[in-house]
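First comes the structure, then the notes that go with it.
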Amino acid sequence: MTNPNNPDLRSWIDIPADHDFPLQNLPFGIFETPERGPRVGVAIGDYVLDLYAVSQFGFFEDLDIPTQPKVFRRSSLNAFIRLGRPTWRAVRQRVSELLRHDNAALRDNEEAVRSCLVRQREVEMRRPVKPANYTDFYSSIEHATNVGIMFRDPANALLPNWRHIPIGYHGRASSIVVSGTDIRRPNGQRKAPDAAAPTFGPSQQLDFELEVAFIGGKSTELGQPVPLQYAEEHIFGLVLFNDWSARDIQSWEYVPLGPFLGKSFGSSMSPWVVTLDALEPFRTAGPGQEPEPLLYLRQTGEHNFAISLEVGLQPAAGPETTVCRSNFQYMYWSMAQQLTHQTSNGCNLQVGDLYASGTISGHTPDSFGSMLELAWKGTRPLPLADGQERKFLQDGDTVTMRGYCEKDGLRIGFGEVRGTVLPAHEL
């Protein structure tokens, strides 16, 4: 059986060398056309492989797994994910075999090709999972340090607990939307530093946050912790994530209980879920942790992933400017540590739950993952390609995040997560 991550594999579908979706990737998502309704698909080059159609032609029949065709005709991946890792791997393996350049089973069946392959430009992508729960972590030490310098004591930027536990909060799952969905500027309470009382109105400090999120692949019972060595068994895959933030609303409300309305008005996720298996070749060690974490969070080996990230900002009537280039490998706390800490008190997990990394910032100013940092709380306006400047996002601005891994001539991409800012509703 050929390893589907083998960089020498080629498909009978023509795929450019720098494409996000080569044969070695095969991310899962939910697509829809007027004729087909919502279905599970796999991205391959500029096409979507319809897994329900693949099952109808009998290509999954000999797999010793519960791949009833109806599991591929759902409006989310939750039912498919619930089948478990052996099923995910078997389906990915079979799809890889079917799309290989030397396999004629699908390639030479004209009727099957017409039914199973749809051009991506002809489909509408839907939110890939229906998360019952959403956790947003705060795991970039550079981002946490920058925020601490701006809002607290520059000499003691990190709070005392930050290097000991993966900080996070429970967010609003219902307002997570798929890439391409417009984001409405939120209204809320804001209080200027020199004002005696707060006012209510549209946020004047709307921001993006460059994040990567992982999707839960296995449920647990209430009271059951997940030891660190088993944490990655509970991860299905990763997506790009924009945790839109209203900084002025957030800064007024967050004491004493943390983020609330400044975050819950909308978060955007990319439509294709890149599996942890596809990312195996891009594992890397994370930053050194000092002091050493407590025993239940102490890990060995490579648990970070080298994912190059970038953010483009495009005004309503102007070209896009790349305002940030960062990397997921900078994360101080790994996904495994995040999940283990989440369950350490007995919190139960559900399939499809979403866990965001928190803003991903690097060491240099061009790698900062938010406008808050890039424009340094509005004191250093960010120049755009058309001569405009930004302290925070304006109505009509489109933010697009992209991500990919690259090593030894192989590129695995995530596509993009994109959203345009609409004016606030009048109240």
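Keep in mind that the numbers below use all heavy atoms, side chains included, and drop hydrogens, waters and symmetry copies. Residues: numbered from 1 along the sequence shown.
Aromatic ring centres of Trp244 and Phe265: separated by at least 6.0 Å. Ring pair Tyr332/Trp162: centre-to-centre distance below 6.0 Å. Ring pair Phe241/Tyr134: centre-to-centre distance below 6.0 Å. Aromatic ring centres of Phe305 and Phe282: separated by at least 6.0 Å.
Between Arg94 and Glu97, at least one side-chain nitrogen of the basic residue sits less than 4.0 Å from a carboxylate oxygen of the acidic one, meeting the salt-bridge criterion. With salt bridges taken as basic N to acidic carboxylate O contacts below 4.0 Å, none links Glu233 and Arg85. With respect to the salt-bridge test (charged N to carboxylate O, under 4.0 angstrom), the residues Arg36 and Glu122 do not qualify. A salt bridge links Asp243 with Lys263; the closest basic N to acidic carboxylate O contact falls under 4.0 Å.
At a threshold of 4.5 Å between non-hydrogen side-chain atoms, the residues Gln205 and Gln250 do not count as touching. Ile183 has its side chain out of reach of Leu422: every pair of non-hydrogen atoms, C-beta onward, lies at least 4.5 Å apart. Within the 4.5 Å cutoff, side-chain heavy atoms of His143 are placed close to those of Ser370. Using a 4.5 Å cut-off on side-chain heavy atoms (C-beta onward), His341 and Trp333 make no contact. Inter-residue side-chain proximity for Leu297 and Pro166 is flagged as met; some heavy-atom pair is nearer than 4.5 Å. Pro186 is listed as a side-chain neighbour of Leu206, based on a closest heavy-atom distance under 4.5 Å. Looking at heavy atoms from C-beta onward, Ser308 lies out of side-chain contact with Glu406 at the 4.5 angstrom threshold. Residues Tyr330 and Ser361 fail the side-chain proximity criterion, which asks for heavy atoms closer than 4.5 Å.
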Before giving the answer on side chain to side chain donor-acceptor pair (under 3.5 Å), spell out for Arg74 and Ser76 the whole-Å C-alpha distance, their side-chain angles and the decisive distance to 0.1 Å.
CA-CA 5 Å; Arg74 301 289 179 89; Ser76 80; over 6 Å; no

Kindly indicate, with the supporting measurements, whether the criterion side-chain contact (heavy atoms from CB on, under 4.5 Å) is fulfilled by Leu26 and Leu49.
CA-CA 9 Å; Leu26 305 179; Leu49 183 71; over 6 Å; no

Go through the steps for Ile30 and Val178 under the test side-chain contact (heavy atoms from CB on, under 4.5 Å), then give the verdict.
CA-CA 10 Å; Ile30 299 293; Val178 73; over 6 Å; no

Just do the side-chain contact (heavy atoms from CB on, under 4.5 Å) check on Leu158 and Ile141 with the steps written out, would you?
CA-CA 8 Å; Leu158 291 178; Ile141 194 168; 3.9 Å; yes

So Leu294 and His164, side-chain contact (heavy atoms from CB on, under 4.5 Å) or not? Walk me through it.
CA-CA 7 Å; Leu294 296 180; His164 294 275; 5.7 Å; no

Show, in sequence, the C-alpha distance, side-chain angles and deciding distance for His19 and Asn25, and conclude whether the side chain to side chain donor-acceptor pair (under 3.5 Å) test is met.
CA-CA 10 Å; His19 203 289; Asn25 192 349; over 6 Å; no

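Side-chain N or O atoms of Asp207 include none that pairs as donor or acceptor with a backbone N or O of Ser245 at under 3.5 Å. No donor-acceptor distance shorter than 3.5 angstrom exists from the side chain of Asp248 to the backbone of Ser203, with no hydrogens or angles considered. In this structure, Gln314 contributes its side chain and Gly318 its backbone to a donor-acceptor pair below 3.5 Å. With hydrogens and angles ignored, the 3.5 Å screen pairs a side-chain donor or acceptor of Arg107 with a backbone N or O of His101. Side chain of Asp366 to backbone of Cys324: no donor-acceptor contact under 3.5 angstrom is found. Using a distance-only test at 3.5 Å, with no hydrogens or angles considered, a donor-acceptor pair links the side chain of Arg298 to the main chain of Pro293. Proximity of a side-chain donor or acceptor of Glu124 to a complementary backbone N or O of Pro38 within less than 3.5 Å is not detected. Panel note: side chain Thr321, backbone Val323; no donor-acceptor pair is recorded below 3.5 Å. A donor-acceptor pair under 3.5 Å is formed between the side chain of Asp353 and the backbone N or O of Asn133. Looking at Glu211, its side chain does come within 3.5 Å of a backbone N or O of Gly358 through a donor-acceptor pair.
Put simply, CZ on Arg390 and CG on Leu374 are 13.5 Å apart, with the number rounded to the nearest 0.5 Å.
Counting only N and O atoms by type, the side chains of Thr420 and Thr398 include a donor and acceptor under 3.5 Å apart.
The two residues Leu238 and Val212 have their closest heavy-atom pair at CD2-CG1, 3.7 Å. Smallest separation of non-hydrogen atoms from His303 and Ala336: ND1-CB, 4.5 Å. The shortest non-hydrogen separation linking Asn6 to Gln24 is O-NE2, 2.9 Å. Taking all atoms of both residues into account, the shortest heavy-atom contact from Arg100 to Trp12 is O-CD1, 3.0 Å. The shortest heavy-atom contact between Thr340 and Val226 is OG1-O, 3.1 Å. Among all heavy-atom pairs drawn from Thr284 and Ala306, the shortest one is CG2-N, 3.9 Å.
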Please report, to 0.1 Å, the donor-acceptor pairs under 3.5 Å made by any side chain of residues 376-387, with sequence neighbours excluded.
residue : atom : partner : partner atom : Å
Thr379  : OG1  : Trp376  : O            : 2.7
Asp386  : OD1  : Gln388  : N            : 3.1
Asp386  : OD2  : Gln388  : NE2          : 2.8

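Scored by the salt bridge (Lys or Arg N to Asp or Glu O under 4.0 Å) test, Glu280 finds Arg283 as partners (sequence neighbours excluded).
Note on ring orientation: taking the six-membered ring where Trp is involved, the planes of Tyr355 and Phe214 are parallel (angle under 30°, cut-offs 30° and 60°).
Test Leu228, Leu349, Thr135 against Leu339 for side chain to side chain contact (heavy atoms under 4.5 Å, CB included) and you get one pass: Leu349.
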